[in-house]
Amino acid sequence: MNSVNILSDKKILLGVTGGIAAYKAVDICSQMVQSGADVRVLMTYSAQKFVTPLTFGALSGREPVRDLWQLYGGEEIGHVALAKEADLFIIAPLTAHTLARLAHGMADGALVATALSIQCPMLIAPAMESHMWEHPATQSNLQKLVKWGVTVVGPEPGRLASGASGVGRMTEPDQIVEQARMILGRSGPLSGIRITITAGGTREWVDPVRFMGNRASGKMGVALARVARDQGAHVNLIYGAMSVSPPMGIDAIEAIRAEDMLRETLDLLPETDILISAAAIADFRPLTTHDTKLKKESGKGIELERTPDVLKAVGERRSAIGMPRIVVGFAAETSDLLQNATRKMKNKNLEMIILNDVTATDAGFGVDTNRVHILTRDGAVESLPLMDKEEVAFNILHRIRGLLGAQSIGWSPGIGSVIPS
Ligand code: CTP
């Protein structure tokens, strides 16, 4: 896997059936194409009543398949050839009718005939009125597909086409694309590897309405979690205050104070192969947290005390339990960048440290891009150009895989070994 986005160069079949949510399939198609996927759309007759084939054709650059006979003319059997090449078949929205046809193997149109011929995973996003969804016929049809290994996303509760409220809305396109990424990444190069990532900024409470915090947005940690998930890793994300949501398909644990980060991180150590500490963890906290809101008359100063150093504690614990195999830290610096980062890597017993200059406006806190230097124990420094945070994450994970590979062939930077100064 050489591309940052798992969707890049993947052959995706996107089945669209006749529900009002068909217009949202346009967004799925667009997102997939923008991520570099080769998308072929298959539309049922009813789907074409909601969205024109021209829309999908223009977005995907390929004529949508509407009719089984349209696929014939070449040497191969059309729908079989289409199915053979696919990496993933998505059906969104999936109506009760096409669900029933799939469950009963009724290959009476291009979409179901192709669905019956695939060897790749299938992802379905049902959408229908809630009474249709709850009907035993629909539920038993669905159970058949689940038993066959099909992944189901949604439907969600909310306002339906009829104006009523209930379960039946199609899951939003962003979430369906996330699910697709997860499925495609399942057997990736990190499958079987457990990664714990800390992200965001900690908050230390002064009183019920005030806290000491920092500018971290959590974007770098979330990018790492998403890319690691897409490479098949089992990801635990321990997160503080963030401006973004944890991605789906990972285990997310909220930990707001440094103390919480410490507890959650140490708890997960025995089941962590790789720990990446991307969180901006406060070094100080108020000596006292007041139960009631502080009044201005009550004084000017807030007395502080040190918080625990999470990575230091990890360094001590890992010599006893032999886990994690690799610990990676981040160094947010404003001066003497390389010296400070090298010192931190050494003091915290890390295999790797990611250095970023947080004075740059286009990199580091809050923005979608980052410019980092990757330092490893052997003294190597690799400077990456300004990149999207997911690209940075991809590069970091690539280097970590290199370290894991080196460990498995006998070279272990290992616990307690000497770090070049
Ligand atoms: N870190 C930690 N526990 C803390 C503070 C930081 O585990 N109490 C981790 C961060 O998640 C990061 C690394 O240590 O991976 C370096 O964090 P940074 O804030 O750059 O350095 P500090 O250790 O706080 O050192 P200094 O304040 O001297 O820069």
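Both ligands and their constituent atoms are indexed starting at 1 by order of listing. Because the structure is a prediction, the values reported are computed rather than measured.
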- Message: Under a 3.5 Å cutoff, is there a donor and acceptor pairing between the side chains of Glu134 and Thr138?
- Response: no

Heavy-atom contacts under 4.0 Å to ligand 1, chain-then-number order, include exactly Ser277, Ala279, Ile281, Ala282, Asp283, Thr307, Pro308, Asp309, Val310, Leu311, Gly329, Phe330, Ala331, Ala332, Lys344, Lys348

Review point. Are a donor atom and an acceptor atom from the side chains of Thr196 and Thr272 found within less than 3.5 Å of each other?
Key: yes

| field | Main-chain N/O of Ser162 paired with Glu129 side-chain donor or acceptor, under 3.5 Å | value | yes

*What do the steps show when you test His373 against Asn356 for side-chain hydrogen bond (donor to acceptor under 3.5 Å, both in side chains), and what is the final call?*
CA-CA 7 Å; His373 311 271; Asn356 55 339; over 6 Å; no

Please determine whether side-chain hydrogen bond (donor to acceptor under 3.5 Å, both in side chains) holds for the pair Asn141 and Arg101, giving the CA-CA distance in whole Å, both sets of side-chain angles, and the decisive distance to 0.1 Å.
CA-CA 9 Å; Asn141 288 335; Arg101 290 196 293 142; over 6 Å; no

- Gln139 atom CD, over 12 foreign heavy atoms within 6.0 Å: yes

